[in-house]
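Everything below concerns the one structure shown next.
Proteins get letters first, then strands, A, B, ... in listed order; numbering begins at 1 in each.
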Amino acid sequence: MLTIEWDDVTIKDFQTTLLNWFDQEGRDLPWRHDHDPYHVWVSEIMLQQTQVQTVIPYYQRFMDWFPTVTALANAPEERLLKAWQGLGYYSRVRNMQRCARQLLADYDGQWPQTAAELTQLTGIGPYTAGAIASIAFNQPVPAVDGNAYRVFSRLLKIDADIAKPQTRKLFEQVIARIIPRERPGDFNQAIMDLGSSYMTARQPDSAHSPVRRFNQAYLDGDELQYPVKTKKPRPKPVAYVAVLARMGEQWLMTQRPSNGMLANLWTVPLIKLDDLDLENPRDFDELRAAITARFKHDSRLDVQVNQLDLRAVTHTFTHQKWTIQLVAATVTPADLAYFAGQSVAPSALAQLPIPKVQAKIFDRAGIEL
DNA sequence: CAAGCGTGGTG
DNA sequence: TCACCAAGCTT
């Protein structure tokens, strides 16, 4: 609607200005030391919804542990998840292994070079395909991420809602007309650097931006109105009980299901309290009564709930807010089967891939990892 | 297509 | 405590 149009002279001017700035001020990042598609790929997956300074140490260690596509394809999944622990969105690394195996099995270990082919690989969507194709293979294709949305929506005053999937096509068309045939990878990376420096979401510094004269929203004084994005609903509250059960010196641990949240990661048994409001139990007796009732659903089960910590652990995910009551329990071998659990020596706990919420539970219980 | 899927930082 | 943001993809 409000979208500004650029003529060919303006486009050329913008390209030159942006690339000159990138040559002078572009960041020296570990994955920019070469254009190896493996390096580009790993960094791009890690950077999805994740900031650069968080990714850097993970990237270094990942390359240490899995230096090649083959090493990644052959790695035990538990090792992959351990390498990813703390990054979140754990399906990313499981999809990476599927992708590595597809490359070896279906592509003879050779990366396809076009965005269209790359999109066929597991875990590589439109953005990552564009990034790999342009950076590693010099293909003049857009890589539309959050930075590109923010930068181009402001430059051109594009008011389409970026929360809607179809809006991506609009941005791809706009950027396709602006991206240079020469140095498309540098162009895409320059847009990202711009979006994380002078053109940030909340505190842009457009007055000092190398492209301020192209930034129509800034010139009009309304850059914070862009990009337009509908809000997401607040996380839904969910109540759990965490069972801290020691068998001798060992702790009872369970592996999460292979689908859904925190897939294949390890936690103590977590019992969801669908029909109970236990976020703020008045006392131990009330909580024990509720938990006992819940456990009675399986008559073989003989859990002795003998202690608890009334200070709940809370953890907020993108769409759920967990409130977790901790109980110490004595369990029998039958309970182990009920929970599909495994007894783990304290020294072995650190080898398991553990999500943040589980680290909080251990911390609250005074258990060192 | 809308919803599901983590974590850390900031105001 | 909360809302929102940060190099998205899958189903």
Side-chain angles (χ1 to χ4, degrees), chain A residues 26-27 29-32 39-59 81 84-96 98-99 118-132 134-135 142-151 161-169 171-172 185 187-197 199-204 224 227 229-238 256-265 267 314-323 353-360:
Chain A
R27 290 173 291 182
L29 300 169
W31 46 89
R32 287 185 178 174
H39 298 162
V40 176
W41 174 51
V42 172
S43 66
E44 291 300 341
I45 300 294
M46 285 187 172
L47 285 161
Q48 289 170 8
Q49 309 291 284
T50 311
Q51 296 190 352
V52 167
Q53 90 256 13
T54 301
V55 164
I56 289 174
Y58 281 92
Y59 176 83
L81 290 172
W84 214 260
Q85 176 175 313
L87 272 181
Y89 288 144
Y90 297 95
S91 67
R92 287 185 291 176
V93 73
R94 300 202 301 138
N95 285 338
M96 277 177 68
R98 291 178 59 189
C99 179
L118 287 163
T119 307
Q120 300 304 307
L121 295 164
T122 302
I124 298 183
Y127 163 73
T128 305
I132 297 173
S134 63
I135 299 169
V144 185
D145 68 339
N147 288 305
Y149 279 129
R150 189 168 57 259
V151 168
D161 183 355
I162 68 168
K164 297 194 177 305
Q166 63 186 70
T167 300
R168 181 176 51 78
K169 299 193 191 75
F171 278 78
E172 282 175 348
F187 178 91
N188 283 332
Q189 292 180 89
I191 294 298
M192 299 176 207
D193 283 14
L194 196 57
S196 58
S197 57
M199 297 184 68
T200 59
R202 303 225 204 177
Q203 302 201 315
L224 292 183
K229 183 161 104 180
T230 56
K231 297 176 185 176
K232 290 178 179 173
R234 56 188 309 181
K236 178 188 170 189
V238 184
R256 307 254 323 157
S258 56
N259 294 315
M261 286 185 69
L262 309 175
N264 288 1
L265 274 72
T267 68
T314 64
H315 186 77
T316 304
F317 299 92
T318 306
H319 62 294
Q320 287 181 20
K321 179 181 176 180
W322 288 8
T323 300
I354 301 289
K356 180 66 180 177
V357 63
Q358 178 57 54
K360 285 186 182 177

Worksheet item: Is there a donor in the side chain of A:R27 and an acceptor in the side chain of A:S197, or the other way round, less than 3.5 Å apart?
Response: no
Worksheet item: Residues two or more places apart in sequence or in another chain: which of them pass salt bridge (Lys or Arg N to Asp or Glu O under 4.0 Å) with A:R94?
Response: A:E77
Practice prompt. Taking salt bridge (Lys or Arg N to Asp or Glu O under 4.0 Å) as the test, write out the residues that go with A:R234, two or more places apart.
Written response: none
Item to complete: Using the test salt bridge (Lys or Arg N to Asp or Glu O under 4.0 Å), find all partners of A:R98 that sit at least two apart in sequence or belong to another chain.
Response: none
Listed pairs under 3.5 Å, donor-acceptor, residues 39-48 of chain A side chains, sequence neighbours left out:
unit_1 : atom_1 : unit_2 : atom_2 : d
A:H39  : ND1    : A:D34  : OD1    : 2.9
A:H39  : ND1    : A:D34  : OD2    : 3.1
A:S43  : OG     : A:H39  : O      : 3.1
A:S43  : OG     : A:V40  : O      : 2.8
A:E44  : OE1    : A:Y127 : OH     : 2.5
A:Q48  : NE2    : A:T128 : OG1    : 3.0

Fill in: Pairwise P distance for B:dC5 and C:dA7, with rounding to whole Å
23 Å
Item to complete: Could you list the residues that satisfy ring pair (Phe, Tyr, Trp, His ring centres under 6.0 Å) with A:F317, not counting sequence neighbours?
Response: A:H315, A:W322
Worksheet item: With A:T230, which residues qualify under side-chain hydrogen bond (donor to acceptor under 3.5 Å, both in side chains), at least two apart?
Response: A:D161
Discussion item. Using a 4.0 Å heavy-atom cut-off, does A:R98 contact any base of the nucleic acid, only the sugar-phosphate backbone, or nothing at all?
Written reply: nothing
Response to the item:
Taken in chain and number order and not counting sequence neighbours, the residues that satisfy side-chain hydrogen bond (donor to acceptor under 3.5 Å, both in side chains) with A:Q49 are none
Discussion item. Students often get this wrong, so: under 4.0 angstrom with heavy atoms, is A:W322 touching a base, only sugar-phosphate, or nothing?
Written reply: nothing
Discussion item. Tell me which residues in residues 39-47 of chain A lie within less than 4.0 Å of DNA chain C, going by non-hydrogen atoms.
Written reply: A:E44, A:L47
Worksheet item: Can you name the residues that form a side-chain hydrogen bond (donor to acceptor under 3.5 Å, both in side chains) with A:K164, not counting sequence neighbours?
Response: none
Worksheet entry | Boundaries of the chain A footprint along DNA chain C (any atom under 4.0 Å from a heavy atom) | C:dC2 to C:dT10
Fill in: Under the salt bridge (Lys or Arg N to Asp or Glu O under 4.0 Å) test, residues paired with A:R168 that sit two or more places apart
A:E172
Discussion item. At under 4.0 Å between heavy atoms, how does the protein contact nucleotides 4-11 of chain B? Give one character per nucleotide, 5' to 3', with B, S or -.
Written reply: SBBBS--S
